[in-house]
Amino acid sequence: MTRLVEETPYRWRIDAEGPMRVPGVVFATADLLPDPSADQALGQVAAVATLPGIVEASYAMPDMHWGYGFPIGGVAATDVERDGVVSPGGVGFDISCGVRLLLSGLRLDELRPRLDALMDALDAVIPRGMSKGAVWHLRGQAELEEVLAGGARYAVERGHGEPADLERCEDRGAVADADPAAIGARARERGLAQVGSLGSGNHFLEVEAVSEVYDEEIAQAYGLWPGRVCVLIHTGSRGLGHQVCTDSVRAMEAVMARYGISVPDRQLACAPVTSPEGQAYLSAMAAAANYGRANRQLLGQAARRAFEQATGDGGLSLLYDVSHNLAKLETHHVEGRARRLCVHRKGATLALPPGHEDLPEDLRAVGQPVLVPGSMGVGSYVLAGTPSAPAFASACHGAGRRLSRHQALKSTSAARLRAELEEAGVAVRGASARGLAEETPHAYKDVDAVVTACHLAGLARKVAKLAPVGVVKG
DNA sequence: ATGTTC
């Protein structure tokens with residue numbers, strides 16, 4: 001049983017006990033905390049706090065819930081120069097899973113008469129579901145290596161997008177230090193035919209419109225005006241990323257004892273960042289991340305074609321593309337000293353503060369767009385990084401699951417859910433009955449409450465809300 | 001999340 005101490009209404013502490021090296025810190029209201037009888041995420045926050053080299057605290061965001069090893073919504077940083085570890089479970093199976101928000105030139109009232117045509121066009125060009133085709137037919141393993149090394153940059157080089165897109169991608173579209181050779185044969189095979197595909201589970205493409213603006217100045221800098229139609233794409237690195245995680249966990253389990261590391265849960269398998277195994281993981285992870293970046297770039301292009309075809313206006317501009325499953329080497333001040341850290345964000349979004357040098361120039365004054373998809377049909381939020389940038393500049397990544405997929409499936413009728421969505425004015429395309437039922441909104445926390453907790457805890461500030469008008473799902 | 005149990 002993990003004991004929580006309430007520090008503020010939006011911040012709870014788990015004191016460091018036993019093998020914990022740092023405390024746990026959970027950003028949430030009481031209502032958003034996981035139910036301990038059904039969800040072990042708080043114990044996972046404490047378990048992560050035992051990892052070698054961890055600094056400051058084992059953090060969790062308001063959308064936290066149970067995950068593989070680390071909680072989803074977990075943030076943990078380790079000191080690279082003090083034997084800090086990297087753990088594949090701190091990134092998750094869907095490496096560089098993330099979101100991309102594109103802005104159209106249309107107002108919702110202009111789109112309405114063409115909405116069905118647009119949804120049909122998207123239906124035709126967006127591959128989705130388990131291993132069922134992709135937009136991009138790579139020439140073979142040699143070209144897959146280019147994708148793994150170059151990410152969205154390579155996609156744009158090959159004509160899949162505009163150079164301006166890259167300015168609005170985290171890491172300008174490609175993570176450095178990616179080594180395609182660090183990726184195994186099986187992962188490569190799985191990856192060959194999936195670049196430009198949505199996948200299943202909680203992945204989706206949504207057509208939305210700006211429904212509320214909370215911060216005029218930042219919304220203006222982001223180009224978010226009321227009624228503006230936009231497209232939100234949520235997907236990751238598909239089977240390739242999954243296989244990289246599987247292979248890496250196995251490799252680390254085999255060497256942990258050699259490094260004198262013991263962890264309370266074997267799902268926390270890890271190795272020192274500077275070890276051969278740590279470096280191999282980070283190289284493979286970066287390559288898988290680039291695959292995810294290329295994947296979102298290709299789907300954004302497919303959305304442009306569908307808009308062009310259905311509305312005559314394919315001019316979607318990219319607001320931002322950001323991952324919420326990644327480990328990054330970053331410099332942060334800890335106890336007054338700049339330190340090189342390996343920051344794991346799993347179901348947590350990077351939220352760079354105003355003025356940060358990694359931001360594109362035209363967004364630097366206001367801070368990074370933080371994209372927070374809500375549950376299906378409920379709407380999404382755009383937030384912005386704050387000057388205080390707690391938890392190594394991180395924020396929530398979504399609503400956060402409340403019920404397991406199995407529980408959701410048992411408690412929901414897919415047909416009724418589809419009817420409810422259509423009745424609420426949300427067109428649905430391509431969703432399997434099971435996919436719909438597992439993603440029922442009542443299986444998720446209230447995204448309004450999650451975002452409010454983020455805002456009041458100072459993790460990220462509210463900028464605008466987006467209301468859905470159409471969804472494409474696996 | 002995932003060729004949902006190599």
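Below, read A as the first sequence line, B as the second, and so on, with proteins coming before strands; counting in each chain starts at 1. The basis for the numbers below is simple: all heavy atoms, side chains too, and nothing from hydrogens, waters or symmetry mates. The model shown is predicted, which means the values in this text are computed figures rather than measured ones.
Counting non-hydrogen atoms under 4.0 angstrom, A:G92 reaches nothing in the nucleic acid. Within the nucleic acid shown, A:G201 comes within 4.0 Å of sugar-phosphate atoms alone, with no base atom in reach, counting heavy atoms only.
Of the candidate nucleotides B:dC6, B:dT4, B:dT2, B:dT4 has the atom nearest to the side chain of A:R434. If you check B:dT2, B:dT4, B:dC6 against the side chain of A:R186, the one that comes closest is B:dC6.
For A:E438 and A:H234, each mapped to the nucleotide of DNA chain B holding its nearest heavy atom, the one lying further toward the 5' end belongs to A:H234.
Atoms CD1 (A:I95) and P (B:dT2) sit 12 Å apart, rounded to a whole Å. When rounded to the nearest whole Å, the span between NE2 of A:H242 and P of B:dC6 equals 10 Å. A straight line from CZ of A:F93 to C1' of B:dT2 spans 8 Å, rounded to a whole angstrom. In this entry the distance linking NZ of A:K132 with P of B:dT2 reads 12 Å, nearest Å. The distance between atom CD of A:E189 and atom P of B:dT2, rounded to the nearest whole Å, is 18 Å. Taking atom CG of A:L409 as the reference point, atom C1' of B:dT4 lies 12 Å away to the nearest angstrom. If you take CD of A:E439 and C1' of B:dT2, they are 14 Å apart, rounded to a whole angstrom. Computed from coordinates, the A:N325 CG to B:dT2 P distance equals 11 Å when rounded to whole Å.
A donor-acceptor distance shorter than 3.5 angstrom exists from the side chain of A:K473 to the backbone of A:G201, with no hydrogens or angles considered.
A search for ring-ring contact (aromatic ring centres under 6.0 Å, His included) contacts involving A:Y320 returns nothing, not counting sequence neighbours.
For residues 283-306 of chain A, there are no ring pair (Phe, Tyr, Trp, His ring centres under 6.0 Å) pairs, not counting sequence neighbours.
The side chain of A:R405 contributes no N or O atom lying less than 4.0 Å from OP1 or OP2 of B:dT4. The side chain of A:S200 places an N or O atom within less than 4.0 Å of a non-bridging phosphate oxygen (OP1 or OP2) of B:dT2.
Put simply, the residue from A:D448, A:V451, A:V210, A:V372 that forms a side chain to side chain contact (heavy atoms under 4.5 Å, CB included) with A:K465 is A:D448.
Between A:W136 and A:Y154, the two ring planes are parallel [angle under 30°; tilted spans 30° to 60°].
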